[in-house]
Amino acid sequence: MIEVRLFATLRKDRGKVMQLPASEFSDGVSILEHFAIPREEVAIFLINGFHSKPEDPVKDGDILAIFPPVGGG
Amino acid sequence: MAKSYYEKIARINLTTGEIKIEKLDLDLARKFIGGRGLGTKILYDEGVATVDPLSPENKLIYITGPMTGTASPSSGRYMVVTKSPLTGMIACSNSGGIWGAKLKYAGWDALIVEGEAPDWTYINIVDDKIELLDARKYFGMMSEQIDEELKAVHGPKSSVLNIGPAGENKVLMAAIMNDKDRAAGRSGVGAVMGSKKLKAIVVTATRTNIEDIIHDVPALKAANAECLKIIRENSVTGQGLKTYGTAVLVNIVNNIGAFPTNNWQGSYYTKGDDISGETLADTYLVKNSACHRCPIACGRVVNVNGKVVGGPEYEPLWAYGGNCGNNDLNTIDEANMLCNELGLDAISVPCTIAAAMELYQRGYIKEEECDGVPLEWGSTKALIEWTKRIGQPDSPLAWLMSSGSARLCEHYGHPEISMSVKKQEMPAYDARAVQGIGITYATSNRGGCHVRGYMISPEVLGLPQQLDRTVTDEKAFWAKTFQDLTAVIDSMGNCLFTSFALGAPQYAALLNAATGTNYTPDELLVVGDRIYNIERMFNKAAGMKPEDDRLPKRLYEEPITNGPSEGQISKIKLTLPQYYEARGWVDAFPTDETLKKLGLDECVGK
Ligand code: SF4
């Protein structure tokens, strides 16, 4: 399974944490499509805690964390 | 003539009651801008570096910048510059709200407060009139109540700055509060105010703008409009901070594994979402709020057990949350409210509690010392009670904790447990997982601090471009540039958060229009460099040693034990020499050549 964590405004109508079957997704782009998240709404795309691009491949056991542009402190 | 200054400084001696009006040295103002830069230069020149911070010889400067009170974005800010009792080095704490703008509207660039009042006193300013009044009846009151009472006396148009009980008690982590929930929070500036028996400063001004002293009003209007447009169109400053505040960082920083837990023993909090900006927005958030003339509006207003008060920023959410092993959001809101009421630094206080919890965990602090409230990880009772006790210490352990984690851990023979730099607690980003922020922490002139060169912006948020957080390449240069730009923004009187959207060209345009200078963006960064160096020379005069530019051992000897950044360690030993080279420093201090290059000839040979 691939764990997908959505944050901030991306959670609206989509949920917080979802498990997806790894066999159906090859990269982050396919996962964004699954959730109907427009590319321009993604500012930070983490795979296992490291900054990545949606084009990067994903595999079983990965944890994805996806954030819209948000801010600092 | 340089404009956007009223060219007036009030020197108030609390020992004698004498109030002198001095003319601002415009050449100096041009060279150091104002605020943080000019305040530090004045303190350096007046020999404050060598005095005891809590003695009448220390001076407390409340200073605006040339942009304070203009229509430029997020420009209600003032700075408190003094010698810190926590670090023994330079303190410069910055606050928003409207108090700073009102001080400027009243016609003052700065107040220099000296001496010690015979009894509790407050300063009342109405335009160009300044008087010292009896503050004895406000002694012991919570900060918020003093604000309300003084406003009732001096009218709704007045703005109040004050210290709560923590400042009266000279707690080394005491803050100066203004406009109820805004704080010049760090480095114990509230203790200096308390040591002078100065309880509050009330300002009322007839003016509501400073257009009468702007160099080029149409040019400033155009620069403002351009900046506002950039801020509104930027998704971080236009929408993100408004919706979630800085609290949105909890999930971001936790998900990269840079969110210290249990006093930095771990760096990933499995219950992070419970204390996140998203959860805050779904639960206790009432609305957002903004400082004077701020389109960003990052402030939070929350409901704490039925009371509507200022809410926590990212730092206290982390410090009272994961760093103390606590996932109860209402407790964090309540503890944050207590910090505002008592007048305490909501970063250093919870970090000191976290250090005490580790001392307790390891058996160094004994249960019998805890007066019925053991310092157990995640204990909501301990977080609330020990915050109150630190603000109003009444036991040996409470007094020890009120002097910060460095002195506390030193007392128990385990200085390595204090997660501090120059005795000031580090904030909420693990420098083992984010290499550049470690340089900022280690070299910050005011000790452990993130807002002296916010490397989280490029290394985590990808602004202005994404850097790999795990590598050291070019980080020294980036950290220096961020530090220099930040010094400029702090000296101008704008909020640092504008820099998520604006860069040196926009700040130069604003400053030039307001003051009549002709700085290019590069020249402005040189001014920032100069300010950074005068701070460093202050620290040198105060007795700083090269080994004070260091991170706690845990960060370069103990790799992260959990989460996505498991195994990572700070490479500060590699980056620090690179940083010194970028600065033109040897062994932590500027060479004479560097000082001359920056126009700091008066510091040569010192
Ligand atoms: S961005 Fe936040 S802290 Fe800065 S001036 Fe605006 S409301 Fe105040």
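Everything numeric in this text was worked out from a predicted model, so none of it was measured. Just so we're on the same page: letters track the sequence lines, and every chain starts at 1.
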Note, Leu285(B) side chain near Val301(B) side chain (heavy atom, < 4.5 Å): no

Pairs of heavy atoms under 4.5 Å with chain A: top-ranked of Thr243(B), Thr237(B), Asp468(B), Asn255(B): Asn255(B)

Interface residues of residues 51-63 of chain A facing chain B - non-hydrogen atoms under 4.5 Å apart: His51(A)

Arg452(B) to Phe482(B), cation-pi by 6.0 Å centre distance and 45° axis angle: no

Closest approach of Arg432(B) to Gly266(B) (non-hydrogen atoms, all atoms of both residues): NH2-O, 4.4 Å

Ring centroid separation Tyr314(B) to Tyr244(B) under 6.0 Å: no

Greatest number of heavy atom pairs closer than 4.5 Å to chain A - which of Gly257(B), Ser565(B), Pro564(B): Pro564(B)

Under 4.5 Å from a heavy atom of chain A, the part of Asp273(B) involved: side chain

Non-hydrogen atoms of Gln424(B) and Gly448(B) that approach each other most closely: NE2-O, 3.1 Å

Exercise: do Glu315(B) and His450(B) side chains pair donor with acceptor under 3.5 Å: yes

Minimal non-hydrogen separation, Phe7(A) against Ala65(A), with atom names: CE1-CB, 3.7 Å

Verdict with reasoning, Arg300(B) to Ser289(B), per side chain to side chain contact (heavy atoms under 4.5 Å, CB included): CA-CA 6 Å; Arg300(B) 307 287 91 186; Ser289(B) 68; over 6 Å; no

Chain A contact via Thr470(B) - side chain, backbone, both or neither, heavy atoms under 4.5 Å: side chain

Structural part of Glu459(B) lying under 4.5 Å from a heavy atom of chain A: backbone

Gln239(B) portion near chain A, given a 4.5 angstrom heavy-atom threshold: neither

Least distance between heavy atoms, Ser267(B) atom then Asp430(B) atom: OG-OD2, 3.0 Å

Residue among Val460(B), Leu463(B), Leu496(B) with most heavy-atom pairs under 4.5 Å to chain A: Val460(B)

